[in-house]
Amino acid sequence: MRKSRAIVLGLLAAALARSAGAQGPKPPDLDTATVVDLTHAFDDRTIYWPNSPSAFELKRLAYGPTPGGWFYSSNMFCTPEHGGTHLDAPIHFAKDGLTADRLPVRRLIAPAAVVDIRAKTSADPDYRLSLDDVRAWEKQHGAIAAGTIVLLETGWSTRWPDKRAYMGDDTPGDASHLHFPSYGKEAAEYLVRDRKVGALGVDTASIDYGASKDFIVHQIANGAGVPGFENVTSLDALPPTGAWVVALPMKIAGGSGGPLRIVALLP
Ligand SMILES: [Zn+2]
């Protein structure tokens with residue numbers, strides 16, 4: 001009796017899990033999916049925040065034939081967490097938020113909603129995604145399901161790695177004259193609190209626009225446990241819906257973020 005009840009409960013739980021997972025589009029078949037790399041390579045031109053104490057460093061430790069006759073190559077690298085294509089873990093702007101190593105990887109694999117605002121940003125480098133923009137997108141493509149990874153396409157990645165064009169200013173140590181587009185406060189509140197999205201990604205240096213002084217979108221997203229993906233690229237290869245994102249950061253224990261390899265799977 002107890003056993004059959006356990007089986008019924010198990011079937012019920014499985015059905016509930018399936019219906020929860022059925023909110024977004026089905027994942028593409030890995031056998032046939034097209035994989036798009038949404039990651040900038042890390043090198044000596046990788047863009048960091050103006051006050052970053054250092055940039056990406058790669059030092060060769062070995063390269064060439066060994067006395068034993070085989071080839072051997074090895075490097076060491078050093079990088080601040082927040083530069084290039086990277087993760088903002090919730091703790092970046094929330095004292096008790098999850099660190100990079102504690103973010104459940106399952107949450108970093110999810111359907112994508114790609115919001116293209118290039119028509120607005122081309123005329124205004126300080127443009128912020130508005131609530132009306134999100135509502136218009138949802139009218140056309142459907143409501144954004146919980147857990148979705150939102151990717152905001154501003155067109156700014158075509159400026160990479162020209163620091164001045166990408167950031168709006170390239171004065172070392174000075175972050176007070178930056179200009180690039182990103183999310184707006186009301187859109188972020190709607191996506192995070194009402195739509196309960198899994199992450200906010202953007203093809204600029206920050207989920208807040210360059211001129212931001214209070215980093216309110218970071219506060220809203222990270223404060224709700226929602227991570228950010230910054231300096232992503234190649235969003236023009238993605239459809240508005242239907243792609244899945246796999247965004248796996250380096251597993252830095254206690255990290256506030258870190259280098260991110262992010263790819264999209266297209267059916
Ligand atoms: Zn960051």
Side-chain angles (χ1 to χ4, degrees), residues 38-43 45-57 77-103 105 107-108 128-129 149-154 156-157 159-161 163 166-170 172-176 178-185 187-188 191-192 197-233 235 245 247-262:
L38 307 180
T39 319
H40 289 295
F42 282 85
D43 58 25
R45 300 179 77 191
T46 295
I47 296 173
Y48 287 78
W49 206 248
N51 62 9
S52 183
S54 64
F56 185 76
E57 296 165 29
F77 66 89
C78 182
T79 174
E81 289 174 328
H82 298 271
T85 305
H86 73 279
L87 164 80
D88 280 4
I91 198 174
H92 190 38
F93 272 77
K95 183 172 173 288
D96 298 317
L98 289 178
T99 49
D101 55 316
R102 293 178 58 221
L103 261 179
V105 284
R107 280 172 49 192
L108 304 174
R128 283 169 282 177
L129 177 74
I149 293 175
V150 180
L151 297 173
L152 182 61
E153 183 180 12
T154 70
W156 245 241
S157 76
R159 300 167 180 233
W160 184 278
K163 198 170 184 178
Y166 190 77
M167 302 294 283
D169 185 33
D170 61 353
D174 184 359
S176 63
L178 303 182
H179 295 280
F180 55 80
S182 198
Y183 292 88
K185 177 175 181 275
L191 291 168
V192 168
V197 300
L200 297 181
V202 65
D203 60 358
T204 66
S206 170
I207 57 172
D208 275 286
Y209 78 135
S212 175
K213 297 290 176 262
D214 58 5
F215 302 98
I216 190 64
V217 174
H218 279 83
Q219 295 188 49
I220 292 164
N222 287 172
V226 173
F229 305 147
E230 294 166 335
N231 297 321
V232 302
T233 188
L235 296 181
V245 167
L248 299 182
M250 185 171 170
K251 191 172 182 177
I252 301 172
S256 76
L260 176 73
R261 190 66 184 264
I262 178 171

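Just so you know, ligand 1 is whichever comes first in the structure, and atom 1 is the first atom listed for that ligand.
At a cut-off of 2.8 Å, H82 is counted among the residues with an N, O or S atom near the Zn ion (ligand 1).
Of all N, O or S atoms in E230, the one lying closest to the Zn ion (ligand 1) is OE1. The atom of D88 that is an N, O or S and sits closest to the Zn ion (ligand 1) is OD1. The nearest N/O/S atom of H86 to the Zn ion (ligand 1) is NE2.
For A205 against M167, the heavy-atom pair with the smallest separation is CB-SD, 3.5 Å.
Residues S256 and H82 have side chains that bring a donor and an acceptor to within less than 3.5 angstrom of each other.
Side-chain contact between F215 and F93: present, with at least one pair of heavy atoms (C-beta onward) separated by less than 4.5 Å. Inter-residue side-chain proximity for F229 and L152 is flagged as unmet; no heavy-atom pair is nearer than 4.5 Å.
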